[in-house]
Amino acid sequence: MRAPPAPLVPQFDLSGRNTLGLRSRASYGGVLADEGEMIAAAQFADRVGLPFHLLGGGSNCLLAEEIDAVVGIAGARGRRLQRVGGGVRVTARAGETWDDIVRWTVGQGFGGLENLAGIPGTAGAAPIQNIGAFGVELSDVAESVDVIDTADWTQRRLAAAECGFGYRHSRFKEDPGRFLVTGITLYLPAAWRPVLSHEGLSHEGLSRGCLSGGASLTGAAQVMGAVLARRGERLPDWRLTGNAGSFFHNPVVPVAAAARIPDVCGHPAPGGVKLPAGKLLDLCGFRGRRRGGAAFSEINALILVNAGGATLRDVDALAARAQDAVRLRFGVDLVQEPSRVGN
């Protein structure tokens with residue numbers, strides 16, 4: 001078999017490159033510093049008949065222990081702000097840490113990303129998942145996404161309208177492997193208005209949560225502080241307790257089906273009512289439930305954590321048990337959120 005191009009190496013260890021902390025290694029892998037290395041790695045995989053996977057921060061994926069593939073880590077760095085018309089354009093290369101981008105823009109006095117603070121991962125991974133939190137999604141601010149189209153190895157810029165954004169969904173999920181994201185461009189309008197519609201940032205949510213007395217939020221930095229405080233209350237820190245964030249999508253069910261689940265308060269959504277998956281799991285008794293080294297968090301049943309030495313088999317078994325329980329009790333199918341890399 002041909003030697004891989006630099007910086008790829010055989011038996012590349014991925015154990016420290018996924019936030020769930022699963023032990024894993026790939027047949028070949030390496031940190032790719034630019035688009036040239038990305039293309040070379042993907043073309044090498046094609047020549048040797050292996051799949052190619054591009055990872056960012058490994059925050060929304062489940063890695064097999066042995067991945068028979070070429071795995072590249074998006075390592076290109078660089079970001080800039082440009083004042084345009086009635087706002088500011090933010091560009092970032094794929095390897096930039098997402099939370100750093102949020103804190104940087106807010107620190108420069110520009111609002112628009114503050115509700116997305118604290119989300120782990122990279123800029124390159126953000127559009128694939130169409131990350132979202134506290135009433136804001138990436139698609140609300142995305143202007144374009146730079147990609148390598150592996151169909152012809154050309155570099156392209158896709159307008160946001162071409163990206164097929166939906167709830168935790170994008171065109172990149174529909175056609176996995178075709179597009180390698182190399183960067184993103186966001187637009188933040190100068191006429192900033194805080195998005196406080198989410199329960200966690202509402203007057204009621206703040207008064208019983210991170211800001212006592214229902215204190216008003218008057219600036220992007222204050223909103224970001226409230227978001228980070230709420231995340232700290234609801235989500236275990238992956239650096240301390242390995243996890244991949246929300247493990248299931250919040251399901252959307254018909255209105256009639258939602259009415260048959262009186263203990264769960266949903267919200268109107270296209271196609272029916274969006275139910276909180278964490279509440280469904282809670283009612284089925286999965287908070288703190290464990291299987292091997294995998295467990296559902298004691299503070300949030302929606303978060304599956306590595307309680308110590310978890311394997312992908314542990315994760316799969318516990319997730320399947322939770323899905324079966326929710327389906328049996330409520331007639332609702334939970335869809336797993338993290339993507340899977342390897343078998």
Side-chain angles (χ1 to χ4, degrees), residues 11-27 29 31 51 53-69 71-75 94-95 97-99 116 118-126 128-133 168 172-173 176 231-250 277-278 281-282 286-323 326 334-343:
Q11 299 302 301
F12 184 63
D13 187 13
L14 293 164
S15 303
R17 297 184 180 276
N18 68 104
T19 61
L20 187 53
L22 297 178
R23 186 174 61 189
S24 177
R25 65 180 177 180
S27 299
V31 179
H53 301 287
L54 184 65
L55 295 185
S59 59
N60 193 52
C61 59
L62 306 177
L63 304 186
E65 187 167 351
E66 297 289 340
I67 301 175
D68 191 19
V71 177
I73 307 298
T97 300
W98 174 257
D99 190 48
L116 303 177
I119 297 177
T122 59
I128 297 172
Q129 178 72 0
N130 187 23
I131 58 173
R168 303 299 177 269
F172 313 113
K173 281 191 168 184
R231 289 184 69 87
E233 293 174 349
R234 298 167 52 188
L235 303 172
D237 187 336
W238 65 269
R239 287 158 295 203
L240 302 175
T241 305
N243 70 85
S246 299
F247 200 83
F248 297 109
H249 293 296
N250 289 323
L281 291 164
D282 236 346
F286 275 86
R287 187 186 295 247
R289 182 79 67 87
R290 182 165 179 165
R291 200 283 190 184
F296 283 100
S297 170
E298 293 279 2
I299 62 174
N300 186 340
L302 186 56
I303 311 299
L304 192 150
V305 304
N306 187 338
T311 65
L312 184 56
R313 182 176 296 181
D314 294 337
V315 172
D316 286 343
L318 183 59
R321 194 175 298 173
Q323 288 171 306
V326 170
L334 293 182
V335 176
Q336 182 176 300
E337 188 165 318
S339 59
R340 191 183 188 92
V341 180
N343 297 317

Checking [X] side chain against [Y] main chain: does a donor-acceptor pair fall under 3.5 Å?
X	Y	value
N18	L14	yes
Q336	F248	no
D13	R25	no
S339	C61	no

Out of V315, N60, V305, which residue meets the side-chain contact (heavy atoms from CB on, under 4.5 Å) rule with L20?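 Of the listed options, the one satisfying the test is V315.
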Closest approach of [X] and [Y], non-hydrogen atoms and distance?
X	Y	answer
A322	L281	CB-CD2, 3.7 Å
L334	A277	CD2-CB, 4.0 Å
D68	S27	OD1-OG, 3.0 Å
P236	I303	CG-CG2, 3.8 Å

Before giving the answer on side chain to side chain contact (heavy atoms under 4.5 Å, CB included), spell out for I119 and W98 the whole-Å C-alpha distance, their side-chain angles and the decisive distance to 0.1 Å. CA-CA 7 Å; I119 297 177; W98 174 257; 4.0 Å; yes
Does R231 have more than 12 heavy atoms from other residues, nucleotides or ligands lying within 6.0 Å of its CZ?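 Above 12, so yes.
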Taking side chain as C-beta onward, heavy atoms only, is [X] less than 4.5 Å from [Y]?
X	Y	value
S246	E337	yes
E66	R23	no
N243	N306	no
V341	L62	no
S15	L22	no
F247	P338	yes
L54	I73	no
L63	L312	no

D282: which residues meet the side chain to side chain donor-acceptor pair (under 3.5 Å) condition with it, sequence neighbours left out?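 Only R287 meet the side chain to side chain donor-acceptor pair (under 3.5 Å) criterion with D282.
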For residues T97 and D99, is any side-chain donor paired with an opposing acceptor at under 3.5 Å?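 Short answer, no.
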State whether a side-chain donor-acceptor pair under 3.5 Å links Q129 with R168.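 The criterion, which ignores hydrogens and geometry beyond distance, is not satisfied for R168 and Q129.
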Rounded to the nearest 0.5 Å, how far does CD1 of I67 lie from CG of N343?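 One gets 9.5 Å once the value is rounded to the nearest 0.5 Å.
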Quick check for you: to the nearest 0.5 Å, what is the distance between L235 atom CG and E233 atom CD?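 Between L235 CG and E233 CD, I get 10.0 Å after rounding to 0.5 Å.
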Salt-bridge present (R321, D316; N to O < 4.0 Å):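 So R321 does not pair with D316 through a salt bridge.
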Side chain to side chain contact (heavy atoms under 4.5 Å, CB included), that's the test. Do V71 and L55 meet it? Break it down for me. CA-CA 7 Å; V71 177; L55 295 185; 3.9 Å; yes
Donor-acceptor pairs under 3.5 Å, side chain of residues 288-298 to any protein atom, not counting sequence neighbours: which ones?
| unit_1 | atom_1 | unit_2 | atom_2 | d |
| --- | --- | --- | --- | --- |
| R289 | NH2 | G285 | O | 3.4 |
| R290 | NE | G292 | O | 2.7 |
| R291 | NH1 | D314 | OD1 | 3.0 |
| S297 | OG | I299 | N | 3.0 |
| S297 | OG | N300 | N | 3.4 |

Does the side chain to side chain contact (heavy atoms under 4.5 Å, CB included) test come out yes or no for V31 and R17, once each step is laid out? CA-CA 11 Å; V31 179; R17 297 184 180 276; 3.7 Å; yes
